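Bear in mind that the values here come from a model prediction, so they are computed numbers and not experimental data. So you know, we letter chains A, B, ... as the sequences are listed, proteins then strands, and number each from 1.
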Protein chains: 2
Amino acid sequence: MLYAGFMSATLPPFPKPQEPFEAPQLLEVGSAPEEPCLRADAARNRARLLEAAARLIAEHGVAGVTMEAVATAAGVGKGTVFRRFGDRTGLLMALLDHSTHKLQADFLGGPPPLGPGAPPVDRLRALGVAMLYRSVEQLDLLLAAQTEPTRRFSHPSLRALHTHAAMLLRQILPDADCELLAHTLLAYLDPALVHHLTRQCGVPMERLEAGWVDLVARVTRTEPPR
Amino acid sequence: MLYAGFMSATLPPFPKPQEPFEAPQLLEVGSAPEEPCLRADAARNRARLLEAAARLIAEHGVAGVTMEAVATAAGVGKGTVFRRFGDRTGLLMALLDHSTHKLQADFLGGPPPLGPGAPPVDRLRALGVAMLYRSVEQLDLLLAAQTEPTRRFSHPSLRALHTHAAMLLRQILPDADCELLAHTLLAYLDPALVHHLTRQCGVPMERLEAGWVDLVARVTRTEPPR
DNA sequence: CCCTAACCGGACCGAGGTCCAGTTTTGTTC
DNA sequence: GAACAAAACTGGACCTCGGTCCGGTTAGGG
């Protein structure tokens with residue numbers, strides 16, 4: 001039992017497991033516009049569901065996004081929502097997909113300093129700043145999508161982020177344990193922490209940003225810029 | 001609406017709000033043995049509930065700790081459990097109280113290097129190691145008790161930890177933004193991260209420990225020991 | 001046109017959390 | 001030390017919501 005068979009692996013019954021979840025592309029950047037193979041009606045319902053969910057958020061906040069409400073608003077049954085997105089987290093993640101892919105595209109192939117071409121330290125700094133701003137923009141959604149501590153780090157988009165950060169670190173610190181350091185850096189950008197600091201402690205964004213720059217400098221043992 | 005009035009503040013009805021939750025002592029160390037003022041029967045039920053919960057964990061794992069199951073096992077009604085502990089998280093936290101207080105006592109008044117008397121850097125290093133080992137010991141419970149991203153940092157025991165870490169940092173780096181740095185350091189010790197690394201990625205404890213020592217050295221810009 | 005895999009809907013379940021009428025404890029007053 | 005009133009506690013019915021299941025329906029290739 002426990003977090004019962006996340007990705008297939010334990011789906012005995014007949015309805016054909018199919019690929020139950022979104023299967024978001026790992027490092028395969030923004031290209032693939034949509035699901036590879038979805039029956040026409042399924043794709044249509046998917047779009048309706050996302051639209052309905054977005055509308056519900058706009059109207060009642062993220063707390064109003066009930067699976068049943070979304071299903072009703074989209075004119076489909078509840079089972080359909082779960083079949084398409086797996087669970088509530090999956091639906092919320094799908095709503096974040098757009099900004100997620102944009103960020104990935106930016107740091108993988110966008111213009112410097114985020115994209116390739118700039119020195120690794122600069123790219124690291126830019127990555128943090130970009131993530132901070134994305135966090136405050138979509139804080140509610142990011143927080144709501146972040147349940148289940150055992151899955152927090154498993155999601156492909158986070159893995160990609162971690163891999164990227166570790167790679168940048170490796171270019172700066174060839175001999176350090178860059179995987180662990182990358183985790184530390186990303187933890188600073190955790191939406192939950194950003195929420196706590198900005199909304200519960202009233203820390204202004206400038207201080208958060210300065211904190212990031214300082215942190216990068218310390219972790220990489222480089223001099224802070226300027 | 002939203003995270004509806006956590007601590008009192010919005011409790012209109014008559015049953016008298018009382019102090020709904022545990023109100024764990026902030027920095028007031030291990031002293032106060034129990035709740036300040038609890039009616040005799042209430043205290044007895046509280047003990048029964050905790051005992052029942054512990055037994056359920058031992059038997060069926062933390063997933064078996066259903067509020068209803070605990071209530072039944074303790075021979076009380078479900079409402080009683082909620083009145084006493086607020087919610088499931090509160091109950092789980094209460095189960096962790098013992099080890100929490102022990103840790104607090106250790107770093108506030110125990111023997112060096114954890115307690116006062118050792119150089120701040122050493123105390124910081126010892127703190128991380130102690131927390132790492134406590135984490136692996138009680139991982140399941142810590143994970144289960146950690147829901148609701150908006151509350152992760154609000155809990156008194158975490159605040160105390162953060163305050164302490166920030167104080168140690170301040171002694172080493174008088175001019176840095178020690179509050180933010182403390183958050184970074186503590187994030188490395190997050191049970192969810194420890195779980196991910198040890199159980200999902202197979203990272204051995206030695207590496208985690210070395211990572212902590214290295215991290216402390218980098219953040220404080222000191223030389224790693226030895 | 002037909003067959004099958006994929007999909008759909010909504011009844012159903014379990015668990016967290018709320019509510020309130022009734023009971024017990026405690027302390028006060030005589 | 002008995003009676004009493006207010007405060008505190010109790011239990012379990014009730015609600016909501018995430019998640020599962022499966023009989024019926026539909027899309028779309030052959």
Quick tally for nucleotides 24-30 of chain D: nucleotides whose base has a protein heavy atom under 4.0 Å get B, sugar-phosphate-only ones S, the rest -, giving --BSS--
From CG of Leu91(B) across to C1' of dG16(C) the rounded distance in Å is 12 Å
Sequence neighbours excluded, the answer for salt bridge (charged side-chain N to carboxylate O under 4.0 Å, His left out) partners of Arg207(A) is Asp177(B), Glu179(B)
Is the phosphate of dC9(D), meaning OP1 or OP2, less than 4.0 Å from a side-chain N or O of Arg44(B)?
-> no
Please set out all donor-acceptor pairs under 3.5 angstrom arising from side-chain atoms of residues 64-80 of chain B, sequence neighbours excluded.
unit_1   : atom_1 : unit_2   : atom_2 : d
Thr72(B) : OG1    : Glu68(B) : O      : 2.9

Sorted by chain and residue number, the side-chain hydrogen bond (donor to acceptor under 3.5 Å, both in side chains) partners of His162(B) (sequence neighbours excluded) come out as His183(B)
Hits for side-chain contact (heavy atoms from CB on, under 4.5 Å) against Val194(A), two or more places apart or cross-chain, chain-then-number order -> Leu132(A), Ser135(A), Val136(A), Thr198(A), Leu208(A)
Atom CD of Glu148(B) and atom C1' of dG17(C) are separated, to the nearest Å, by 13 Å
From CZ of Arg88(A) across to P of dG18(D) the rounded distance in Å is 6 Å
The side-chain hydrogen bond (donor to acceptor under 3.5 Å, both in side chains) partners of Arg170(A) (sequence neighbours excluded) come to none
In whole angstroms, the gap separating P of dC12(C) from CZ of Phe82(A) amounts to 17 Å
Of the listed dT10(D), dA15(C), dG17(C), the closest approach to the Thr80(B) side chain comes from dT10(D)
Here the distance between atom C1' of dG18(D) and atom CG of Leu92(A), to the nearest Å, is 13 Å
Contacts of Ala130(B) meeting side-chain contact (heavy atoms from CB on, under 4.5 Å) (sequence neighbours excluded), chain-then-number -> Leu103(B), Leu114(B)
*Distance check: side-chain N/O of Asn45(A) vs OP1/OP2 of dC7(C), anything under 4.0 Å?*
no
Sorted by number, residues from residues 70-79 of chain B placing a heavy atom under 4.0 Å from DNA chain D are Gly75(B), Val76(B), Gly77(B), Lys78(B), Gly79(B)
Exercise. Does Arg83(A) place a side-chain N or O at less than 4.0 Å from the phosphate oxygens OP1/OP2 of dC21(D)?
Worked result: no
Task: Donor-acceptor pair, side chain of His164(B) and main chain of Ala160(B), under 3.5 angstrom - done: no
Do Gln200(B) side-chain atoms and Thr150(A) backbone N/O form a donor-acceptor pair below 3.5 Å?
yes
Hits for salt bridge (charged side-chain N to carboxylate O under 4.0 Å, His left out) against Arg123(B), two or more places apart or cross-chain, chain-then-number order -> none
